[in-house]
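Worksheet: the structure to be examined is printed underneath.
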Amino acid sequence: MSIIQPRTLKGFRDQLPATMTAREQVIETARRVYRSFGFTPIDTPALEYSEILFGKGSDETDKQMYRFEDNGGRDVAMRFDLTVPLARFIAQHVGKLGTPFKRYHVGPVWRGENTQRGRYREFTQFDFDTIGTESLVADVETLVVVHDLFAALDISEFVVHFNSRDLLNGLLEKLSLETESEAVLRSLDKLAKIGADGVRSELRDGGASDGQVDEILALAGLGGANDEIVASLPAIVGDSDTARRGIGAITTVLEGVRASGVIEKRVKLDVSIARGLAYYTGTVFETFLTALPDIGSVCSGGRYDDLASLYTKQRLPGIGGSLGLDRLIAAMEELGKIDERAATAQVFVPLFSSDRVSDYLRLSEELRSAGLSVELYPEGRKLGAQMKYADRRGHRLAVIVGDAEWEAGTAQIKKLDTTESEEVAYADVAARCHALLGAEA
RNA sequence: GUGGCCGUAGCUCAGUUAGGCAGAGCACCUGGUUGUGGUCCAGGAUGUCGCGGGUUCAAAUCCCGUCGGCCACCCCA
């Protein structure tokens, strides 16, 4: 009989303890931050009717969608993000929930695209969104959430780049290029990569005049402090309603972010941030890690005021963000922020003598009842080998009880990061472990 | 989806140009006397060379296919 080769699909991965532990910690931190703003948890199915998802993201997401016929002949698809299912969810349940509605949602999503570092076919997003208000306070809060999130994750160097789609739309109106917005966005997006001249020739090939190109590049080339950029905007984007709305939104968001006490350099107005999924309407943002710019955005989002209108007549504008868990973990791995040792229990109990198994089981459970995490070695191997195991695993304390200690009613507590050990009364073990762990931390 | 590079021990890789017994470092296991890890010393085990086929007396090496990874385009978390 031949064995089946164990393997995983392209873009689908197993998670080992080290990364899974980091993943759980990131999720825990994000959950705490989201909750601190009043977001509440929801969940939705991985599979939806295709009509719910199809045509909602972009041509690209349509192409990448995992879509098939289920056993009952239904045309179904796996979600490619958590925002479109949210729009369906809110249209279906808004009566019960009321607005504004703030929710967070963590789960896997699927896109059948080509893989690369930090880019998988199955990946996890951790979203937060505010539905049912057009108030720019929600836009401000969204950016502040992102800021607090990365601060809480202890990732010191990050910048949230934000923009309003209305800026570029306003300019395009002024230039009568509204119909070319997709193509212009695409070229602009490459500015950093191919330079102003590259963008110029692309736009020219697309039929834009030199004058039009000059104005587009003038907007895209804006740099410097946030306030300087804002000051030069009116002259470039014109004073159409759209342009004025964009400038107004940006001004309000910047003021709000500042009022929230967020450091200026963490939130950067970046007029080249304009892409993202087709459903975005106003504010858009992407978050980059300064140390790893080419891993791409680790947290993006924006305002989508018309998305729910596909499923309901009720007006349900929304704004939110999406934390890319897999990308973030990949970045943390590269930055050496994954602690392999975090995966083990604090206390190690060697199984000193095999004929006292029950005693060790009881000891371990007593320590757990006292709030410690405890790993009991399952075999009565020689003590040296057991200690070596504990050392490799990174337990912080070993509670060693041999025949002599059992008889004396004592236990030895050994700190594994040094070689110090101390003898304590059996009854005091848990308390002493807590004290030692607390002192170290 | 298109194009390029890559896949050898648990890990990082050498060996592929020019076919000729599958290697190194780290990790692992045992020992350095009876109950104590990280250092040191001695010894040891380890491979469907991603998978399938072809060429050849002989394939890790050459050819074809396939799966997976990385990079670029594209797109994005």
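Values reported hereafter were calculated over all heavy atoms of this structure, with side chains retained and with hydrogens, waters and symmetry mates removed. This structure is a prediction, so every number in the text was calculated from the model and none was measured. Chain A is the first sequence line, chain B the second, and so forth, proteins listed ahead of strands; every chain is numbered from 1.
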Please state how far atom OH in A:Y280 lies from atom C1' in B:rC76, giving the value in whole angstrom units. 10 Å

Please give, in whole Å, the distance from B:rG1 P to A:Q116 CD? 14 Å

Nucleotide paired to B:rG23 in any strand shown, Watson-Crick or G-U, under 3.5 Å: B:rC13

Can you tell me if A:Y389 is stacked onto the base of B:rG37, using a 5.5 Å centroid cut-off and an angle below 30°? no

Distance check needed: B:rG68 C1' versus A:R117 CZ, whole Å only. 18 Å

Checking base pairs now: Watson-Crick or wobble, both atom distances under 3.5 Å. What partners B:rG1? B:rC73

Looking only at the aromatic ring of each residue, does the gap between the centers of A:H161 and A:F288 stay below 6.0 angstrom? yes

If you assign each of A:F12 and A:V298 to its closest nucleotide in RNA chain B, which residue comes earlier from the 5' end? A:F12

Side-chain N or O of A:T115 less than 4.0 angstrom from OP1 or OP2 on B:rG69? yes

Under the side chain to side chain donor-acceptor pair (under 3.5 Å) test against A:Y304, which residue among A:D129, A:T83, A:T281 passes? A:D129

Looking at A:E113 and A:R121, does any basic side-chain N land under 4.0 Å from a carboxylate oxygen? no

Which atoms of nucleotides 31-35 of chain B (N or O only) lie under 3.5 Å from a protein N or O atom, and what are those distances?
from: B:rG35; atom 1: O6; to: A:A404; atom 2: N; distance (Å): 2.8
from: B:rG35; atom 1: N1; to: A:E405; atom 2: OE1; distance (Å): 2.8
from: B:rG35; atom 1: N1; to: A:E405; atom 2: OE2; distance (Å): 3.4
from: B:rG35; atom 1: N2; to: A:E405; atom 2: OE1; distance (Å): 3.4
from: B:rG35; atom 1: N2; to: A:E405; atom 2: OE2; distance (Å): 2.8

Looking at A:R23, A:R117, A:R111, which one forms a salt bridge (Lys or Arg N to Asp or Glu O under 4.0 Å) with A:D326? A:R23

What protein N or O atoms touch nucleotides 45-50 of chain B N or O atoms at under 3.5 angstrom, if any, and at what distances?
from: B:rG50; atom 1: O2'; to: A:Q5; atom 2: NE2; distance (Å): 3.3

Please find out if less than 6.0 Å separates the ring center of A:Y120 from that of A:F12. no

Using a 6.0 Å distance limit plus a 45 degree cone around the ring axis, check whether A:R393 lies over the aromatic ring of A:F348. no

How close or far is atom P of B:rA77 from atom NE2 of A:H105, stated in whole angstroms? 16 Å

Does A:T418 or A:E60 map to a spot on RNA chain B nearer the 5' end, using the closest nucleotide for each? A:T418

Does A:K388 have a side-chain nitrogen or oxygen under 4.0 Å from the phosphate oxygens OP1 or OP2 of B:rC29? yes

What's the CD-C1' distance between A:Q64 and B:rC75, to the nearest Å? 7 Å

Using whole Å, what does the distance between atom P of nucleotide B:rA77 and atom CD1 of A:I155 come to? 18 Å

Name the pairs: protein N/O against N/O of nucleotides 2-11 of chain B, kept only if under 3.5 Å.
from: B:rU2; atom 1: O4; to: A:N114; atom 2: ND2; distance (Å): 2.7

Is there a Watson-Crick or G-U wobble partner for B:rC62 with both distances under 3.5 Å, and if so, which one is it? B:rG54

Spacing of A:L9 atom CG relative to B:rC51 atom C1', expressed in whole Å: 15 Å

